[in-house]
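Here's the structure, in C-alpha coordinates; my notes come after.
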Amino acid sequence: MAEALRVGIAGLGTVGASVARVLRDKAAELTRQCGREVVVTAVSARDPKRDRGVDLGAAKWFDDPVRMAQTAEIDVFVELIGGDEGPPHSSVKAALDAGRHVVTANKALLAKHGVALAETAEKKGVLLNYEAAVAGGIPVIKTMREAMAGNSVTRVFGILNGTCNYILTRMEAEGLSFDDCLKDAQRLGYAEADPTFDIEGHDTAHKLSILTSLAFGTRIAANDIYMEGISNISQADIRAAGDLGYRIKLLGVAQRTESGIEQRVHPTMVPTASVIAQVHGVTNAVAIETDILGELLLSGPGAGGNATASAVVGDIADIAKSRPGFQHGPVFGLPAKELRPYKKAQMRSHAGGYFIRLTVHDRIGVFAAIAKRMADNEISLESIVQHAAGPDTALQKTVILVTHETTEAAVRKAVDGITRDDHLTDKPQVIRIERAE
(Lines give C-alpha, C1' and ligand atoms only; values in the text may rest on other atoms or scores of the structure.)
Protein backbone atom coordinates (compact mmCIF):
# COMPACT_ATOMS: atom_id res chain seq x y z
CA MET A 1 0.00 0.00 0.00
CA ALA A 2 1.19 3.52 -0.80
CA GLU A 3 2.31 5.89 1.91
CA ALA A 4 -0.42 7.77 3.79
CA LEU A 5 -1.65 11.06 2.36
CA ARG A 6 -0.92 13.73 4.97
CA VAL A 7 -3.54 16.47 5.19
CA GLY A 8 -3.32 19.91 6.80
CA ILE A 9 -6.58 21.76 7.48
CA ALA A 10 -6.59 25.56 7.78
CA GLY A 11 -9.84 26.81 9.29
CA LEU A 12 -11.75 24.74 11.83
CA GLY A 13 -15.19 26.29 11.70
CA THR A 14 -18.32 24.30 10.88
CA VAL A 15 -16.92 22.96 7.59
CA GLY A 16 -13.35 22.38 8.79
CA ALA A 17 -14.50 20.45 11.86
CA SER A 18 -16.88 18.42 9.68
CA VAL A 19 -14.05 17.54 7.29
CA ALA A 20 -11.84 16.40 10.17
CA ARG A 21 -14.71 14.34 11.58
CA VAL A 22 -15.47 12.64 8.25
CA LEU A 23 -11.80 11.82 7.66
CA ARG A 24 -11.70 10.23 11.12
CA ASP A 25 -15.02 8.38 11.02
CA LYS A 26 -14.60 7.16 7.42
CA ALA A 27 -10.89 6.37 7.67
CA ALA A 28 -11.19 2.64 6.91
CA GLU A 29 -13.57 3.17 4.00
CA LEU A 30 -11.37 5.91 2.50
CA THR A 31 -8.32 3.67 2.79
CA ARG A 32 -10.08 0.94 0.81
CA GLN A 33 -11.31 3.39 -1.83
CA CYS A 34 -8.04 5.29 -2.22
CA GLY A 35 -5.51 2.50 -1.72
CA ARG A 36 -3.79 4.49 1.01
CA GLU A 37 -4.55 6.09 4.36
CA VAL A 38 -5.69 9.70 4.57
CA VAL A 39 -4.45 11.25 7.82
CA VAL A 40 -4.87 14.75 9.29
CA THR A 41 -1.35 15.62 10.43
CA ALA A 42 -1.64 19.39 10.86
CA VAL A 43 -4.30 21.99 11.65
CA SER A 44 -4.47 25.77 11.92
CA ALA A 45 -7.17 28.03 13.34
CA ARG A 46 -7.56 31.11 15.53
CA ASP A 47 -8.38 29.40 18.84
CA PRO A 48 -6.50 26.20 19.74
CA LYS A 49 -8.60 25.67 22.91
CA ARG A 50 -12.06 25.72 21.36
CA ASP A 51 -14.00 22.46 21.51
CA ARG A 52 -14.85 21.49 17.93
CA GLY A 53 -16.38 18.11 18.68
CA VAL A 54 -13.54 16.14 17.14
CA ASP A 55 -10.24 14.96 18.62
CA LEU A 56 -7.37 16.71 16.83
CA GLY A 57 -4.74 15.89 19.47
CA ALA A 58 -2.62 13.85 17.05
CA ALA A 59 -2.31 16.73 14.59
CA LYS A 60 0.38 19.38 14.86
CA TRP A 61 -1.00 22.83 15.64
CA PHE A 62 0.06 25.87 13.59
CA ASP A 63 -0.92 29.40 14.57
CA ASP A 64 0.09 30.60 11.09
CA PRO A 65 -1.58 28.88 8.12
CA VAL A 66 1.22 30.03 5.81
CA ARG A 67 3.77 28.14 7.89
CA MET A 68 1.54 25.08 7.79
CA ALA A 69 1.21 25.41 4.01
CA GLN A 70 4.98 25.40 3.66
CA THR A 71 5.78 22.54 6.04
CA ALA A 72 7.06 19.26 4.66
CA GLU A 73 4.77 17.48 7.14
CA ILE A 74 1.74 17.70 4.81
CA ASP A 75 0.99 16.64 1.24
CA VAL A 76 -2.35 18.45 0.89
CA PHE A 77 -3.29 21.91 2.17
CA VAL A 78 -7.03 22.31 2.79
CA GLU A 79 -8.07 25.97 2.95
CA LEU A 80 -11.39 26.57 4.73
CA ILE A 81 -10.70 30.01 6.19
CA GLY A 82 -12.71 32.10 3.72
CA GLY A 83 -12.04 35.51 2.20
CA ASP A 84 -10.16 36.63 -0.90
CA GLU A 85 -7.11 38.31 0.65
CA GLY A 86 -4.78 37.96 3.63
CA PRO A 87 -4.14 34.49 5.12
CA PRO A 88 -6.41 32.55 2.73
CA HIS A 89 -4.66 33.90 -0.36
CA SER A 90 -1.13 33.91 1.03
CA SER A 91 -1.43 30.41 2.47
CA VAL A 92 -2.86 28.85 -0.70
CA LYS A 93 -0.19 30.56 -2.78
CA ALA A 94 2.49 29.36 -0.37
CA ALA A 95 1.22 25.79 -0.53
CA LEU A 96 1.23 25.75 -4.33
CA ASP A 97 4.67 27.37 -4.49
CA ALA A 98 5.92 24.64 -2.15
CA GLY A 99 4.51 21.93 -4.42
CA ARG A 100 1.62 20.99 -2.16
CA HIS A 101 -1.78 19.98 -3.50
CA VAL A 102 -4.57 22.36 -2.46
CA VAL A 103 -8.26 21.82 -1.75
CA THR A 104 -10.44 24.86 -1.08
CA ALA A 105 -14.09 25.78 -0.64
CA ASN A 106 -13.31 29.48 -1.13
CA LYS A 107 -15.30 30.88 -4.07
CA ALA A 108 -14.31 34.48 -3.30
CA LEU A 109 -10.62 33.57 -3.47
CA LEU A 110 -11.05 31.74 -6.77
CA ALA A 111 -13.19 34.50 -8.27
CA LYS A 112 -10.39 37.00 -7.61
CA HIS A 113 -7.18 34.97 -7.89
CA GLY A 114 -8.24 31.66 -9.44
CA VAL A 115 -6.47 31.99 -12.78
CA ALA A 116 -3.14 33.03 -11.23
CA LEU A 117 -3.36 30.21 -8.68
CA ALA A 118 -4.22 27.77 -11.47
CA GLU A 119 -1.13 28.82 -13.41
CA THR A 120 1.03 28.11 -10.35
CA ALA A 121 -0.62 24.73 -9.71
CA GLU A 122 -0.15 23.65 -13.33
CA LYS A 123 3.45 24.84 -13.36
CA LYS A 124 4.19 22.88 -10.18
CA GLY A 125 2.30 19.79 -11.35
CA VAL A 126 -0.06 19.74 -8.35
CA LEU A 127 -3.83 19.73 -8.00
CA LEU A 128 -6.01 22.69 -7.08
CA ASN A 129 -9.42 21.18 -6.31
CA TYR A 130 -12.47 23.31 -5.45
CA GLU A 131 -15.64 21.24 -5.75
CA ALA A 132 -17.00 22.70 -2.50
CA ALA A 133 -16.66 26.28 -3.75
CA VAL A 134 -19.75 26.03 -5.98
CA ALA A 135 -23.12 24.50 -5.01
CA GLY A 136 -21.89 22.72 -1.87
CA GLY A 137 -22.25 18.96 -2.17
CA ILE A 138 -23.37 18.94 -5.82
CA PRO A 139 -20.53 17.56 -8.03
CA VAL A 140 -20.89 20.26 -10.68
CA ILE A 141 -17.17 21.08 -10.98
CA LYS A 142 -16.17 17.48 -11.60
CA THR A 143 -19.05 17.06 -14.03
CA MET A 144 -18.05 20.10 -16.09
CA ARG A 145 -14.31 19.54 -15.84
CA GLU A 146 -14.17 15.79 -16.42
CA ALA A 147 -17.46 14.23 -17.52
CA MET A 148 -18.46 16.46 -20.43
CA ALA A 149 -15.55 16.08 -22.83
CA GLY A 150 -16.53 17.03 -26.37
CA ASN A 151 -19.61 18.97 -25.28
CA SER A 152 -19.88 22.66 -26.15
CA VAL A 153 -21.79 24.52 -23.45
CA THR A 154 -24.27 27.14 -24.61
CA ARG A 155 -25.76 28.14 -21.26
CA VAL A 156 -25.30 27.40 -17.58
CA PHE A 157 -27.70 28.69 -14.97
CA GLY A 158 -28.98 27.82 -11.56
CA ILE A 159 -29.88 28.47 -7.97
CA LEU A 160 -26.50 28.90 -6.32
CA ASN A 161 -27.33 30.42 -2.93
CA GLY A 162 -29.31 28.47 -0.34
CA THR A 163 -30.02 31.50 1.83
CA CYS A 164 -31.87 33.33 -0.94
CA ASN A 165 -33.74 30.22 -2.04
CA TYR A 166 -34.84 29.54 1.53
CA ILE A 167 -36.16 33.09 1.92
CA LEU A 168 -38.07 33.07 -1.38
CA THR A 169 -39.50 29.63 -0.63
CA ARG A 170 -40.80 30.73 2.77
CA MET A 171 -42.21 33.96 1.36
CA GLU A 172 -44.27 32.04 -1.17
CA ALA A 173 -45.33 29.11 1.01
CA GLU A 174 -46.27 31.07 4.13
CA GLY A 175 -47.01 34.59 2.91
CA LEU A 176 -44.27 36.07 5.10
CA SER A 177 -42.40 39.30 4.42
CA PHE A 178 -38.80 39.34 3.24
CA ASP A 179 -37.63 40.76 6.60
CA ASP A 180 -39.42 38.05 8.61
CA CYS A 181 -37.95 35.28 6.45
CA LEU A 182 -34.46 36.77 6.69
CA LYS A 183 -34.65 36.89 10.51
CA ASP A 184 -35.75 33.26 10.56
CA ALA A 185 -32.90 32.30 8.22
CA GLN A 186 -30.44 34.00 10.57
CA ARG A 187 -31.92 32.24 13.58
CA LEU A 188 -31.55 28.87 11.87
CA GLY A 189 -27.99 29.58 10.76
CA TYR A 190 -28.80 29.78 7.04
CA ALA A 191 -27.91 33.49 6.92
CA GLU A 192 -25.04 35.44 8.47
CA ALA A 193 -25.52 38.27 10.97
CA ASP A 194 -24.61 40.54 8.04
CA PRO A 195 -26.45 38.84 5.16
CA THR A 196 -25.49 41.36 2.47
CA PHE A 197 -23.09 39.04 0.67
CA ASP A 198 -25.85 36.48 0.16
CA ILE A 199 -29.02 38.50 -0.36
CA GLU A 200 -27.49 41.10 -2.71
CA GLY A 201 -26.14 38.44 -5.07
CA HIS A 202 -22.37 38.60 -4.45
CA ASP A 203 -22.08 34.95 -3.36
CA THR A 204 -23.99 33.78 -6.44
CA ALA A 205 -21.86 36.02 -8.68
CA HIS A 206 -18.60 34.51 -7.40
CA LYS A 207 -19.87 30.99 -8.03
CA LEU A 208 -21.23 31.93 -11.44
CA SER A 209 -17.88 33.41 -12.51
CA ILE A 210 -16.19 30.08 -11.82
CA LEU A 211 -18.83 28.14 -13.76
CA THR A 212 -18.48 30.61 -16.64
CA SER A 213 -14.75 29.93 -16.90
CA LEU A 214 -15.32 26.18 -16.93
CA ALA A 215 -18.19 26.41 -19.41
CA PHE A 216 -16.66 28.77 -21.97
CA GLY A 217 -12.89 28.58 -21.49
CA THR A 218 -12.56 32.22 -20.46
CA ARG A 219 -10.62 33.91 -17.72
CA ILE A 220 -12.67 34.53 -14.56
CA ALA A 221 -14.46 37.89 -14.70
CA ALA A 222 -16.46 38.25 -11.48
CA ASN A 223 -16.48 42.04 -11.81
CA ASP A 224 -18.28 41.90 -15.17
CA ILE A 225 -21.49 40.34 -13.85
CA TYR A 226 -24.78 42.23 -13.88
CA MET A 227 -26.09 41.78 -10.34
CA GLU A 228 -29.31 42.33 -8.41
CA GLY A 229 -30.27 40.83 -5.07
CA ILE A 230 -33.61 39.84 -3.55
CA SER A 231 -34.00 42.45 -0.80
CA ASN A 232 -36.59 44.38 -2.83
CA ILE A 233 -38.84 41.36 -3.51
CA SER A 234 -42.22 41.86 -1.85
CA GLN A 235 -45.30 39.77 -1.22
CA ALA A 236 -46.95 41.72 -4.06
CA ASP A 237 -44.32 40.30 -6.44
CA ILE A 238 -44.67 36.78 -5.06
CA ARG A 239 -48.46 36.84 -5.43
CA ALA A 240 -48.38 38.39 -8.90
CA ALA A 241 -45.86 35.78 -10.07
CA GLY A 242 -48.13 33.00 -8.83
CA ASP A 243 -51.16 34.51 -10.56
CA LEU A 244 -49.22 34.59 -13.83
CA GLY A 245 -47.98 31.00 -13.50
CA TYR A 246 -44.46 31.82 -12.32
CA ARG A 247 -42.26 31.43 -9.26
CA ILE A 248 -39.47 33.84 -8.28
CA LYS A 249 -35.93 32.46 -7.90
CA LEU A 250 -32.54 34.16 -7.63
CA LEU A 251 -30.67 32.78 -10.63
CA GLY A 252 -27.12 33.06 -11.86
CA VAL A 253 -27.08 32.82 -15.66
CA ALA A 254 -24.14 32.64 -18.07
CA GLN A 255 -24.61 32.11 -21.80
CA ARG A 256 -22.73 32.38 -25.03
CA THR A 257 -23.98 34.97 -27.53
CA GLU A 258 -22.82 36.23 -30.91
CA SER A 259 -21.07 39.19 -29.26
CA GLY A 260 -19.52 37.49 -26.24
CA ILE A 261 -20.44 35.93 -22.90
CA GLU A 262 -23.38 37.21 -20.89
CA GLN A 263 -23.24 36.85 -17.09
CA ARG A 264 -26.05 37.99 -14.80
CA VAL A 265 -27.43 37.42 -11.31
CA HIS A 266 -30.92 38.62 -10.46
CA PRO A 267 -34.39 37.60 -9.25
CA THR A 268 -36.12 35.75 -12.05
CA MET A 269 -39.61 34.51 -12.78
CA VAL A 270 -39.56 30.90 -13.94
CA PRO A 271 -42.61 28.86 -15.01
CA THR A 272 -44.02 26.93 -12.05
CA ALA A 273 -44.04 23.77 -14.19
CA SER A 274 -40.27 23.99 -14.87
CA VAL A 275 -37.84 21.75 -13.02
CA ILE A 276 -35.87 24.70 -11.60
CA ALA A 277 -39.07 26.06 -10.02
CA GLN A 278 -39.37 22.88 -7.94
CA VAL A 279 -36.07 23.51 -6.13
CA HIS A 280 -37.05 24.67 -2.64
CA GLY A 281 -35.45 25.67 0.65
CA VAL A 282 -31.66 25.66 0.95
CA THR A 283 -31.28 23.27 -1.99
CA ASN A 284 -29.13 24.37 -4.94
CA ALA A 285 -29.48 23.41 -8.59
CA VAL A 286 -27.31 23.90 -11.69
CA ALA A 287 -28.54 23.41 -15.26
CA ILE A 288 -26.01 22.95 -18.07
CA GLU A 289 -27.10 23.16 -21.71
CA THR A 290 -24.82 21.58 -24.32
CA ASP A 291 -24.86 20.60 -27.98
CA ILE A 292 -24.42 16.85 -27.41
CA LEU A 293 -25.98 16.12 -24.03
CA GLY A 294 -28.82 18.61 -24.20
CA GLU A 295 -29.76 19.88 -20.74
CA LEU A 296 -28.38 18.35 -17.56
CA LEU A 297 -29.75 19.41 -14.16
CA LEU A 298 -27.82 18.72 -10.98
CA SER A 299 -29.58 19.37 -7.69
CA GLY A 300 -28.81 18.77 -4.03
CA PRO A 301 -27.65 20.26 -0.72
CA GLY A 302 -25.90 23.53 -1.46
CA ALA A 303 -24.60 24.54 1.95
CA GLY A 304 -23.95 23.37 5.49
CA GLY A 305 -21.14 21.53 7.20
CA ASN A 306 -21.90 18.03 5.96
CA ALA A 307 -22.68 18.95 2.34
CA THR A 308 -19.57 21.09 1.97
CA ALA A 309 -17.41 18.58 3.88
CA SER A 310 -18.56 15.85 1.50
CA ALA A 311 -17.25 17.83 -1.47
CA VAL A 312 -13.97 18.65 0.30
CA VAL A 313 -13.38 15.01 1.25
CA GLY A 314 -14.16 13.99 -2.33
CA ASP A 315 -11.45 16.35 -3.56
CA ILE A 316 -8.98 14.98 -1.01
CA ALA A 317 -9.82 11.42 -2.07
CA ASP A 318 -9.12 12.29 -5.72
CA ILE A 319 -5.66 13.45 -4.69
CA ALA A 320 -5.13 10.30 -2.61
CA LYS A 321 -5.96 8.16 -5.66
CA SER A 322 -3.40 9.94 -7.87
CA ARG A 323 0.14 8.67 -7.99
CA PRO A 324 3.57 10.30 -8.51
CA GLY A 325 4.20 11.10 -12.15
CA PHE A 326 0.49 11.26 -12.99
CA GLN A 327 -0.31 14.19 -15.31
CA HIS A 328 -3.07 16.22 -13.68
CA GLY A 329 -5.76 17.90 -15.77
CA PRO A 330 -6.06 21.70 -16.00
CA VAL A 331 -7.72 23.49 -13.08
CA PHE A 332 -10.39 25.18 -15.22
CA GLY A 333 -10.73 22.60 -17.97
CA LEU A 334 -8.18 24.30 -20.23
CA PRO A 335 -4.58 25.18 -19.27
CA ALA A 336 -4.72 28.48 -17.40
CA LYS A 337 -2.51 30.21 -19.98
CA GLU A 338 -4.91 29.17 -22.75
CA LEU A 339 -8.01 30.63 -21.11
CA ARG A 340 -9.32 33.38 -23.39
CA PRO A 341 -9.86 36.94 -22.17
CA TYR A 342 -13.46 37.42 -21.10
CA LYS A 343 -15.49 39.31 -23.69
CA LYS A 344 -18.64 40.82 -22.25
CA ALA A 345 -21.68 40.44 -24.48
CA GLN A 346 -23.44 43.48 -25.87
CA MET A 347 -26.90 44.32 -24.55
CA ARG A 348 -29.40 42.18 -26.43
CA SER A 349 -33.03 41.10 -26.45
CA HIS A 350 -34.16 38.94 -23.55
CA ALA A 351 -36.27 36.09 -24.92
CA GLY A 352 -38.38 35.67 -21.79
CA GLY A 353 -39.65 39.22 -21.53
CA TYR A 354 -40.10 41.23 -18.32
CA PHE A 355 -42.50 41.56 -15.41
CA ILE A 356 -43.01 45.19 -14.39
CA ARG A 357 -44.98 46.19 -11.29
CA LEU A 358 -45.91 49.85 -10.90
CA THR A 359 -47.78 51.42 -7.97
CA VAL A 360 -49.38 54.55 -9.43
CA HIS A 361 -51.71 57.39 -8.56
CA ASP A 362 -55.33 56.49 -9.32
CA ARG A 363 -56.07 59.30 -11.73
CA ILE A 364 -57.04 59.89 -15.33
CA GLY A 365 -54.28 59.63 -17.92
CA VAL A 366 -51.91 57.33 -16.04
CA PHE A 367 -52.65 54.26 -18.17
CA ALA A 368 -52.25 56.25 -21.37
CA ALA A 369 -48.92 57.71 -20.20
CA ILE A 370 -47.57 54.27 -19.30
CA ALA A 371 -48.64 52.85 -22.66
CA LYS A 372 -46.96 55.77 -24.47
CA ARG A 373 -43.66 55.23 -22.66
CA MET A 374 -43.74 51.56 -23.64
CA ALA A 375 -44.55 52.38 -27.26
CA ASP A 376 -41.84 55.07 -27.42
CA ASN A 377 -39.29 52.40 -26.46
CA GLU A 378 -40.72 49.83 -28.91
CA ILE A 379 -41.85 47.51 -26.10
CA SER A 380 -44.67 45.15 -26.99
CA LEU A 381 -46.92 44.15 -24.09
CA GLU A 382 -48.21 40.60 -23.65
CA SER A 383 -50.58 41.62 -20.85
CA ILE A 384 -51.50 44.54 -18.61
CA VAL A 385 -53.46 44.15 -15.38
CA GLN A 386 -54.72 46.77 -12.95
CA HIS A 387 -56.03 46.27 -9.42
CA ALA A 388 -56.27 48.17 -6.16
CA ALA A 389 -52.98 48.53 -4.31
CA GLY A 390 -54.61 47.57 -1.00
CA PRO A 391 -57.44 48.42 1.42
CA ASP A 392 -55.57 51.37 2.90
CA THR A 393 -54.47 52.83 -0.45
CA ALA A 394 -57.68 53.96 -2.12
CA LEU A 395 -55.87 56.61 -4.14
CA GLN A 396 -53.39 54.14 -5.62
CA LYS A 397 -53.50 51.36 -8.17
CA THR A 398 -51.10 48.53 -8.94
CA VAL A 399 -50.35 48.07 -12.63
CA ILE A 400 -48.68 44.83 -13.72
CA LEU A 401 -47.15 44.64 -17.17
CA VAL A 402 -45.73 41.57 -18.89
CA THR A 403 -43.67 42.34 -21.99
CA HIS A 404 -42.74 40.35 -25.04
CA GLU A 405 -39.06 40.00 -25.96
CA THR A 406 -37.22 43.29 -25.53
CA THR A 407 -33.94 44.71 -24.22
CA GLU A 408 -32.93 45.59 -20.70
CA ALA A 409 -32.04 49.10 -21.87
CA ALA A 410 -35.50 49.67 -23.38
CA VAL A 411 -37.29 48.52 -20.22
CA ARG A 412 -35.13 50.63 -17.93
CA LYS A 413 -35.57 53.69 -20.16
CA ALA A 414 -39.35 53.28 -20.20
CA VAL A 415 -39.56 52.81 -16.43
CA ASP A 416 -37.29 55.82 -15.85
CA GLY A 417 -39.61 57.88 -18.04
CA ILE A 418 -42.69 56.78 -16.10
CA THR A 419 -40.88 57.70 -12.88
CA ARG A 420 -40.06 61.18 -14.22
CA ASP A 421 -43.71 61.62 -15.24
CA ASP A 422 -44.52 61.57 -11.51
CA HIS A 423 -47.09 58.79 -11.80
CA LEU A 424 -45.50 56.43 -9.25
CA THR A 425 -46.16 56.33 -5.50
CA ASP A 426 -43.55 53.64 -4.81
CA LYS A 427 -40.39 52.28 -6.40
CA PRO A 428 -41.01 50.31 -9.60
CA GLN A 429 -40.22 46.61 -9.71
CA VAL A 430 -38.68 44.97 -12.78
CA ILE A 431 -38.06 41.21 -12.91
CA ARG A 432 -36.87 39.15 -15.87
CA ILE A 433 -38.92 36.18 -17.01
CA GLU A 434 -36.49 33.39 -17.82
CA ARG A 435 -36.68 30.54 -20.28
CA ALA A 436 -36.19 27.59 -17.94
CA GLU A 437 -37.53 24.36 -19.36
Side-chain angles (χ1 to χ4, degrees), residues 1-45 50-62 68-69 71-81 95 100-106 121 126-147 162 282-284 286 298-329 331:
M1 183 178 290
E3 292 183 0
L5 184 76
R6 302 167 301 166
V7 176
I9 303 175
L12 292 171
T14 301
V15 176
S18 293
V19 169
R21 192 176 304 110
V22 171
L23 291 177
R24 179 199 65 189
D25 294 346
K26 300 289 186 177
E29 188 172 344
L30 285 168
T31 299
R32 288 195 299 271
Q33 292 175 346
C34 301
R36 63 198 293 196
E37 286 186 279
V38 179
V39 183
V40 178
T41 57
V43 291
S44 177
R50 178 181 162 193
D51 181 8
R52 295 174 170 87
V54 58
D55 184 7
L56 296 168
K60 184 174 181 179
W61 184 272
F62 287 82
M68 187 180 78
T71 182
E73 297 177 46
I74 65 170
D75 304 303
V76 181
F77 179 75
V78 180
E79 186 275 308
L80 300 171
I81 305 169
R100 312 275 179 260
H101 300 293
V102 169
V103 173
T104 182
N106 193 337
V126 295
L127 284 166
L128 170 57
N129 286 351
Y130 53 94
E131 188 66 69
V134 180
I138 304 173
V140 63
I141 302 300
K142 181 171 290 189
T143 298
M144 295 184 70
R145 193 165 62 172
E146 300 174 19
V282 295
T283 303
N284 281 194
V286 181
L298 304 172
S299 179
N306 287 338
T308 308
S310 175
V312 171
V313 171
D315 278 346
I316 294 171
D318 281 347
I319 294 169
K321 293 172 186 176
S322 68
R323 294 294 181 265
F326 176 77
Q327 185 65 42
H328 303 300
V331 175

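Index from 1, following the sequence.
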Item to complete: Measure the CD-OG1 distance between E131 and T143 for me, rounded to the nearest 0.5 Å.
Response: 7.0 Å
Item to complete: State, with a plain yes or no, whether a side-chain heavy atom of S299 is found less than 4.5 Å away from one of T283.
Response: yes
Discussion item. Pair V313, L30 - check side-chain contact (heavy atoms from CB on, under 4.5 Å), show working.
Written reply: CA-CA 9 Å; V313 171; L30 285 168; 4.2 Å; yes
Discussion item. Just verifying a value: how many Å separate C34 SG and L5 CG, rounded to the nearest 0.5 Å?
Written reply: 8.0 Å
Worksheet item: So, the side chain of R21 versus the backbone of V54: is there a donor-acceptor pair under 3.5 Å, distance only?
Response: no
Fill in: Sidechain-backbone polar pair: Y130 side chain, I141 backbone, donor-acceptor under 3.5 Å
no
Worksheet item: Just wondering, are more than 12 heavy atoms of other shown residues or ligands nearer than 6.0 Å to NZ in K26?
Response: no
Practice prompt. Could you tell me whether the side chain of T308 and the main chain of G305 form a donor-acceptor pair under 3.5 Å?
Written response: no
Worksheet item: Between the side chain of E29 and the main-chain N/O of T31, is any donor-acceptor distance below 3.5 Å?
Response: no
Worksheet entry | Check: H101 side chain, V126 main-chain N or O, donor-acceptor pair, under 3.5 Å | no
Discussion item. Contact between V43 and F62 at the side-chain level, heavy atoms closer than 4.5 Å - yes or no?
Written reply: no
Discussion item. To the nearest 0.5 Å, what is the distance between CG on N129 and CZ on R145?
Written reply: 5.0 Å
Discussion item. Just verifying a value: how many Å separate T41 OG1 and D75 CG, rounded to the nearest 0.5 Å?
Written reply: 7.5 Å
Worksheet, complete the sentence: Rounding to 0.5 Å, atoms CD (E79) and OG (S44) come to a distance of 10.5 Å
Worksheet item: Between K142 and D318, is there a side-chain N and carboxylate O pair less than 4.0 Å apart?
Response: yes
Worksheet item: Given V78 and I316, is the side-chain contact (heavy atoms from CB on, under 4.5 Å) satisfied, shown in steps?
Response: CA-CA 8 Å; V78 180; I316 294 171; 3.9 Å; yes
Worksheet entry | Chi angles and distances behind the side-chain contact (heavy atoms from CB on, under 4.5 Å) call for I74, T71 | CA-CA 6 Å; I74 65 170; T71 182; 4.0 Å; yes
Worksheet item: Atom CD of E73 and atom NZ of K60: how far apart are they, to the nearest 0.5 Å?
Response: 4.0 Å
Worksheet entry | Heavy-atom pair of closest approach, residues V140 and A135 | CG1-CB, 4.3 Å
Item to complete: Spell out, as yes or no, whether a donor-acceptor pair under 3.5 Å connects the side chain of R6 to the backbone of V39.
Response: no
Response to the item:
Closest heavy-atom pair, A45 versus R52, reported as atoms and distance to 0.1 Å, is CB-NH2, 3.6 Å
Fill in: side-chain contact (heavy atoms from CB on, under 4.5 Å) evaluation trace for V312 with L80
CA-CA 9 Å; V312 171; L80 300 171; 4.1 Å; yes
Practice prompt. Determine whether more than 12 heavy atoms belonging to other residues, nucleotides or ligands lie under 6.0 Å from atom CG of N306.
Written response: no
